[in-house]
Every structure is written in structure tokens, then in C-alpha cells.
Protein chains: 2
Amino acid sequence: MSLIKLQKKIVPEIVELLELRYNILRNILYNEPIGRRSLAMKLNIGERTIRTEVNILKKQGLVTVGNIGMQLTEEGKDLIENLDNIIRELRGISELEKKLKDILNIKRVIVVPGNSDKSELVLSDMGKTTSIYIQKIIKDDCIIGITGGTTMAQVAEEMPAAKIAKNIQIIPARGGLGKDVETQSNSIAAKIAKKLNATYKLLHVPDNIDQKTLEGLLELPDIKEVVELLDKMDMIIFGIGRADIMASKRNLSKDIIKLLNERKAVGEAFGHYFDIKGNVVWKMSTIGITLESFKKIKSAIGVAGGESKAEAIMAISSLRDDITIITDEAAANKIIEIVNKATK
Amino acid sequence: MSLIKLQKKIVPEIVELLELRYNILRNILYNEPIGRRSLAMKLNIGERTIRTEVNILKKQGLVTVGNIGMQLTEEGKDLIENLDNIIRELRGISELEKKLKDILNIKRVIVVPGNSDKSELVLSDMGKTTSIYIQKIIKDDCIIGITGGTTMAQVAEEMPAAKIAKNIQIIPARGGLGKDVETQSNSIAAKIAKKLNATYKLLHVPDNIDQKTLEGLLELPDIKEVVELLDKMDMIIFGIGRADIMASKRNLSKDIIKLLNERKAVGEAFGHYFDIKGNVVWKMSTIGITLESFKKIKSAIGVAGGESKAEAIMAISSLRDDITIITDEAAANKIIEIVNKATK
DNA sequence: TGTGATTGGGTCGTATTATGACCCTGTTGT
DNA sequence: ACAACAGGGTCATAATACGACCCAATCACA
């Protein structure tokens with residue numbers, strides 16, 4: 001039996017304590033310097049509790065607290081990295097990954113602890129984990145497709161800057177311009193490309209354009225160039241969204257929303273809307289990767305977290321059995337819950 | 001950094017909790033079935049505290065509590081073994097051993113956690129640890145000398161029964177009959193011999209006999225046989241006593257006690273009284289191993305615990321630098337304290 | 001230079017928990 | 001039958017954690 005499980009058995013109290021302090025440390029690290037009250041806000045904990053805990057952490061030499069706020073000491077920063085592994089084991093993340101892999105029947109599942117719906121740090125973690133995974137499998141002369149969304153924006157944000165392979169090309173996997181520039185696939189592709197010291201192409205095409213305009217756009221050399229690359233992608237990293245939320249974000253017409261409801265769309269990825277079995281129920285008319293191309297890409301990596309994304313993840317997992325899903329604990333547990341209910 | 005140290009840093013509370021529960025579990029194991037009140041007595045803890053803790057342990061499925069008392073579950077028993085290592089690391093026993101080895105300037109030091117003055121379980125542990133160590137280094141055709149005392153009695157008690165080598169002989173390292181048969185070297189030698197499936201010889205000689213009688217006894221074939229073996233010993237396992245306490249236990253005359261005080265005797269082993277530097281200040285006139293023989297024996301293993309034995313252990317360690325000392329945490333810390341004070 | 005938003009630290013009443021000091025009843029071994 | 005021991009119940013009290021405030025100092029920004 002592992003050391004952690006052993007302790008969990010004999011001193012079960014440590015679980016909450018350890019996680020609480022871990023969260024405090026992490027939140028200080030990501031927001032330093034930060035005050036008591038702001039921290040209490042972020043963690044949804046009473047201010048006084050923060051105080052008690054921080055006093056202990058201070059006593060242990062992990063945080064310093066001055067009049068500008070609280071900061072981690074060097075020791076605290078070192079500690080937090082090792083703590084990651086403890087938390088993983090404490091929560092049984094490895095077992096969770098294995099279980100989820102079996103349930104979704106896919107090649108690889110990576111789970112980060114926490115719930116990205118409730119904590120932005122978990123979203124960061126997911127982004128970081130995705131980045132690290134990508135950097136591991138990336139090879140020379142790789143063409144990598146990227147989609148938009150807040151999750152993918154976070155991946156770009158957390159991507160460590162490092163030239164890890166030669167002649168990498170980053171391209172947006174589909175057109176579509178959201179309101180927020182930060183979460184557009186174009187911006188994200190550019191950001192990732194810069195971090196990886198790679199070249200990139202942009203795809204400036206709006207969503208939902210009519211067939212005629214589309215054909216016209218395809219004649220443009222700038223766009224044509226990218227479209228040709230779309231079929232040569234070696235890797236695609238994409239966010240997974242909820243069908244209903246994505247529909248409202250994109251201001252789809254009432255008719256289409258009705259259609260999506262009727263056909264029980266639950267998930268969205270690269271402009272395609274899927275039901276829980278992975279059937280395409282509708283797709284946006286824009287320039288971008290097709291489902292057929294998607295299925296042929298060597299490495300497909302989907303990223304999404306939060307329990308709300310559970311069904312969407314299930315839908316996308318049905319598309320290919322050699323897909324990699326990177327998600328969080330909350331989504332993983334929710335998926336397991338859904339499957340358990342269904343089989344009962 | 002090790003997992004334990006990491007946790008000690010971030011959740012320092014667990015230290016006492018873990019140790020408390022460890023002690024409770026151990027005491028239940030060694031005394032099962034045992035009641036709340038008896039247990040509280042043994043551990044010097046309030047009865048109510050035991051109740052709170054046991055409730056948690058019960059909830060965790062580590063102890064069962066019926067109307068005959070409390071017992072460990074199988075899981076609890078499994079746990080306790082792994083816990084040993086955690087406690088060792090928690091207390092930094094390895095570091096302590098290293099430090100003590102350097103201070104005493106001897107070949108090998110083994111420390112068991114706890115204080116054998118305060119807990120009989122620690123004495124058991126020391127006995128068990130000694131037994132295991134002996135069984136590791138024992139070889140075929142070995143002649144092993146044994147002394148008396150409560151510590152050595154515990155070694156015999158905890159010795160696992162196993163024939164681990166051929167043609168082993170166990171002999172008492174010196175004569176001397178105490179009041180309590182159980183702690184006489186004869187009984188202990190016999191007990192150990194039986195457990196190890198070895199042969200043994202006895203040495204029925206009283207303490208403090210005059211020279212003439214001594215010479216007479218040496219003519220007896222039974223005694224002569226053992227005495228000849230004394231010089232052929234391959235290993236000696238001996239308890240270490242405090243000079244003053246041993247003197248009073250043996251009812252030494254006031255003159256001799258005065259002498260021991262004058263010459264600053266602090267330790268006793270195999271009938272010899274030593275000052276802190278390892279000089280013999282007095283020895284009992286009886287049949288048994290001489291200091292010269294002792295220094296020639298291949299393996300010398302001294303066992304003693306409790307802070308009161310600190311100086312005695314220091315004295316005996318000065319005799320040989322290839323001696324092995326098996327002691328407990330309390331004695332180890334006390335020795336370090338004494339040396340620190342002396343060097344300041 | 002003022003002003004509002006933070007910051008850490010102080011304090012105090014209250015809720016929660018741990019603990020000590022008992023009681024009771026049942027079982028067991030003598 | 002009795003003494004010794006077992007667990008469980010109860011309650012007042014001590015220790016602790018916590019929420020809800022206050023204050024003065026500091027900082028960013030207008």
C-alpha cells in the first residue's frame with residue numbers, strides 16, 4: 001500500500017487539511033502578492049479560516065506576509081510542486097484516469113485534480129498539462145491545428161516557451177471570429193506558435209457565411225494556402241464545448257437551436273455539433289477542418305473540464321478510439337456517474 | 001524531499017496525531033483484547049481521548065470493539081507494520097543513527113523509536129530489533145555469548161523461533177545469579193538456544209565468591225567446559241546497565257559503592273564497571289568473560305535503552321570501535337545532548 | 001494631493017470540538 | 001455471588017476555531 005493511502009487510513013483528517021493548505025498555497029502562488037480577504041473570496045472560505053491556516057503556513061516558513069500581501073517563500077514554491085503528486089495520489093487520480101479510459105474506450109486520458117468550473121487554477125492546470133503533453137509528442141516538421149475557446153486560450157497561456165522541435169507550423173483548425181480576440185483560434189495559434197518558436201498561418205473567415213461567399217473566399221491565396229494545410233495536419237488540439245452554450249455564444253438562430261435540441265446535440269468541437277454517440281447533428285458553414293479529415297489526423301487531443309462538459313466529452317470520445325482526452329476530476333467523475341446511471 | 005518530510009512541513013499537526021494513533025494501535029495489538037481504561041492507563045492518556053481516537057480507528061476499520069475489549073482487524077495489523085517505517089522517518093531515526101554513530105565513533109548503531117523507560121513496547125521493539133539483527137549476522141558453527149538483565153530477557157522473548165544456521169552454541173557470558181530467574185543469563189541463554197534450535201551450556205556460579213572457591217569451581221568439569229568456550233566466542237550479545245543501579249541490584253557493599261562513586265563508574269556490562277571513558281574501575285570476582293577476551297570477540301553487540309542509560313552506553317562504546325549498539329531514541333537523544341553540552 | 005481600495009493586525013462573542021469525570025449495565029473468571 | 005473488567009451514555013468545562021467587526025498603514029489612480 002502506498003504511503004499516502006496508509007496515512008489516509010490512519011489519519012483521515014489530513015485529507016481536507018492537506019487539500020485546503022495546498023489550495024491556499026497555490027492561490028497565493030498564482031496571485032501573489034495577495035491579501036487575506038481576496039484570497040478568502042477566491043477560495044470561498046471564511047476570512048478567519050484563511051488567517052488561522054496562513055498563520056500555520058507562516059510558522060512553517062512557507063509563506064511570508066508583509067504589508068503588501070502574502071507571498072510564497074522559496075521553500076513554499078518548491079513544496080507546491082511536490083504537493084501536486086501527493087494530491088494526485090490522495091484523490092486517486094491515476095485510478096480515475098484508468099477507469100475513464102475504459103469507460104470512454106479511448107487511447108489515453110489525462111485528468112487533473114479539481115473542478116475548472118469552480119476554480120480558475122484548475123483551468124490553468126489543464127492548460128499546463130496539455131502543453132506539457134503536446135511538447136512531449138511533438139516532432140520535427142509537425143503541422144498542428146488549433147481551435148479557439150477559453151480552454152485553448154489557457155493552453156496557449158500556460159505553454160512554456162521552448163523550441164522543442166524544428167519546422168513546426170501552427171494553423172487554426174477552423175475559421176470563426178468570436179467577440180473576444182483572446183479566445184479566437186487565430187490569436188491562440190499565433191500565441192502558441194510564438195512560444196514554440198514555430199511558424200503560423202491565420203484564417204480570417206467569419207462564421208456562418210453563405211455558400212457563395214465561401215467559395216469566393218476559398219479563391220483567396222491567403223486562405224487557400226491554409227485550407228490546403230488543413231488536410232495535412234499531423235496533430236489537432238481542440239477544445240470541447242457544450243452544444244447549448246456554444247450555440248448561444250455564437251448567436252445561432254432559434255430554428256437551429258431548436259434543431260440542435262431535437263437531435264439531442266450535447267457537444268461541440270471545431271464547428272461540429274454532436275449527439276452523445278458522436279453523430280454530427282449540425283455543422284457551421286465556414287472554412288475549417290471536416291470530420292473526415294479530423295478522423296485521419298495522427299494525433300487528436302481534446303481538452304475540456306468541469307462537470308458541465310461531461311456529456312460533450314463523451315460525445316467527442318466516440319469519434320475516434322485513438323483520441324487523447326485531457327480533462328479534470330469533476331468532469332471525469334460526472335462521466336462515470338452518468339455511465340453508472342445508464343447501466344443500472 | 002521525502003513524502004513524509006513534505007507532509008510534516010505542510011501539515012505539522014499530523015505528527016502527534018499519527019504517533020498517538022500508532023501507539024494506540026500498537027498497544028492494542030500487544031495486549032488484545034484490552035479495554036479502554038487499561039489502555040488509557042498504559043498510554044498515560046485520558047480515557048476519553050482514547051475513546052475519541054478509537055472511534056475514529058473503528059470508523060476506519062482498523063479496530064473492532066466488542067464486549068471483551070478492543071482488537072485489531074486484519075487491516076489494522078497490516079497497517080501497523082508499514083507504520084513502523086513512517087514513524088522512523090517522521091522522527092528522523094536514520095539521521096539520528098548516523099549522528100550517534102559519529103559521536104560514539106563505532107561501527108554500527110541501530111535506534112528504535114521511543115523511550116523504553118516509559119513504554120514497555122519500546123523495550124519489546126529493541127528486543128525484536130536485536131533478534132533480527134542477530135539472525136542476520138549469525139553463521140554456522142557460531143558460539144554466542146549471552147548476558148542477563150531485563151533487556152536481554154526481552155531479546156530472548158522477542159527472538160523469532162527459526163533454525164537459521166547449523167551447529168550454533170549459546171553460552172552465558174558470565175556467572176551470577178540474580179533473584180529473578182527470568183533475567184538470569186542462564187535462563188536467557190537457554191531460551192534463545194531453544195528458539196534458534198541451538199545447543200546451550202549453563203554456568204551455575206554465584207556472584208562475588210572468594211578466590212579460593214573460584215579456583216575450586218573452575219575444576220568442575222561442567223564449569224570448565226563452559227569456561228573454555230568463553231575464549232572461543234564468535235559473538236557476544238550483552239545488556240548495558242547503569243553502574244549505580246546494577247550495584248544496588250547486586251547488593252554490593254557500601255565500600256564498593258563508595259569506590260565506584262569515587263572512580264566515577266557510570267556503566268556496567270558483563271560484570272565489569274566502567275567510567276565514561278571505558279576504563280574498568282572495578283569488576284566482580286566471578287567466572288565469566290574477561291575484558292581482554294571481550295575485545296577479541298568478532299561481533300560485540302550491546303543493547304540498552306532509556307535516557308538513563310546514556311552515559312553507560314557511552315562508556316561501553318569506548319571499549320571497541322567495531323561494536324554494534326542497539327538502543328532507543330531517548331537514549332540516543334540524551335547522548336547527543338550530553339556531548340553537545342560537553343563541547344560547548 | 002486626496003480618495004478609495006487594499007493590506008495586515010487586533011479583538012470579542014459564539015459555535016464547535018475535545019476532554020475529564022462520572023454513571024450505568026453486561027460479561028467473565030474465580 | 002462477587003470482583004474486575006468490558007463498552008456505552010451523559011454532562012459540564014476547557015480549548016479551539018470561526019465569523020464579524022474595527023483600526024491604521026499603504027498603494028494606485030485620478
Open item on the list: Reading DNA chain D from 5' onward, which residue's closest nucleotide shows up sooner: A/Thr49 or A/Ile68?
Closed with: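 That would be A/Thr49.
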Rounded interatomic separation in angstrom, taking [atom1] from [X] and [atom2] from [N]:
{"X": "B/Glu47", "N": "C/dT19", "atom1": "CD", "atom2": "C1'", "result": "11 Å"}
{"X": "B/Asn55", "N": "C/dT17", "atom1": "CG", "atom2": "C1'", "result": "14 Å"}
{"X": "B/Arg48", "N": "C/dA18", "atom1": "CZ", "atom2": "C1'", "result": "8 Å"}
{"X": "B/Ile45", "N": "C/dA18", "atom1": "CD1", "atom2": "C1'", "result": "13 Å"}
{"X": "A/Ile50", "N": "C/dG9", "atom1": "CD1", "atom2": "P", "result": "14 Å"}
{"X": "B/Arg36", "N": "C/dT27", "atom1": "CZ", "atom2": "C1'", "result": "15 Å"}
{"X": "A/Lys42", "N": "C/dT7", "atom1": "NZ", "atom2": "P", "result": "11 Å"}
{"X": "B/Leu43", "N": "C/dG20", "atom1": "CG", "atom2": "P", "result": "13 Å"}

- [ ] Please report the closest heavy-atom contact between A/Gly305 and A/Ser116, naming both atoms and the distance.
- [x]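 Where A/Gly305 meets A/Ser116 most closely, the heavy atoms are C-OG, 3.2 Å.
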4.5 Å side-chain heavy-atom contact, [X] and [Y]:
{"X": "B/Asp328", "Y": "B/Val111", "result": "no"}
{"X": "B/Ile188", "Y": "B/Ile146", "result": "yes"}
{"X": "B/Leu43", "Y": "B/Ile50", "result": "yes"}

Open item on the list: Would you say B/Thr52 places a side-chain N or O within less than 4.0 Å of OP1 or OP2 belonging to C/dT17?
Closed with: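 Answer no for this pair, as no side-chain N or O of B/Thr52 is under 4.0 Å from OP1 or OP2.
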Task: Leading and trailing nucleotides of DNA chain D with any atom under 4.0 Å from heavy atoms of chain A - done: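 Here the contact window of chain A covers D/dC18 to D/dT26.
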Side-chain donor-acceptor contacts of residues 69-77 of chain B below 3.5 Å, not counting sequence neighbours, with atom names and distances?
| from | atom 1 | to | atom 2 | distance (Å) |
| --- | --- | --- | --- | --- |
| B/Thr73 | OG1 | B/Gly61 | O | 2.8 |
| B/Thr73 | OG1 | B/Leu62 | O | 3.1 |
| B/Thr73 | OG1 | B/Glu75 | N | 3.4 |
| B/Thr73 | OG1 | B/Gly76 | N | 3.0 |
| B/Glu75 | OE2 | A/Lys9 | NZ | 3.2 |

Task: Any donor-acceptor N or O pair under 3.5 Å, side chains B/Asp84, B/Tyr22 - done: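 Result is yes, a qualifying pair exists.
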Open item on the list: Would you say B/Ser2 and B/Glu89 are linked by a side-chain donor-acceptor pair, where the criterion is simply a distance under 3.5 Å?
Closed with: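 B/Ser2 and B/Glu89 do have a side-chain donor-acceptor pair below 3.5 Å.
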Task: Pair of N/O donor and acceptor under 3.5 Å linking C/dG8 base with A/Arg37 side chain - done: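 Flag set: donor-acceptor pair detected.
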Task: Along DNA chain C (nearest heavy atom to each residue), the more 5'-positioned of B/Ile56 and B/Arg51 - done: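 Its nucleotide being nearer the 5' end, the pick is B/Ile56.
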TODO: Just compare C/dG8, C/dT6, C/dT27 and give me whichever is closest to any side-chain atom of A/Met70.
DONE: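 My answer, after comparing the listed nucleotides, is C/dG8.
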Open item on the list: Closest approach to the side chain of A/Lys58, judged atom by atom: which nucleotide of C/dG9, C/dC22, C/dT19 is it?
Closed with: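 Closest of the options to the side chain of A/Lys58: C/dG9.
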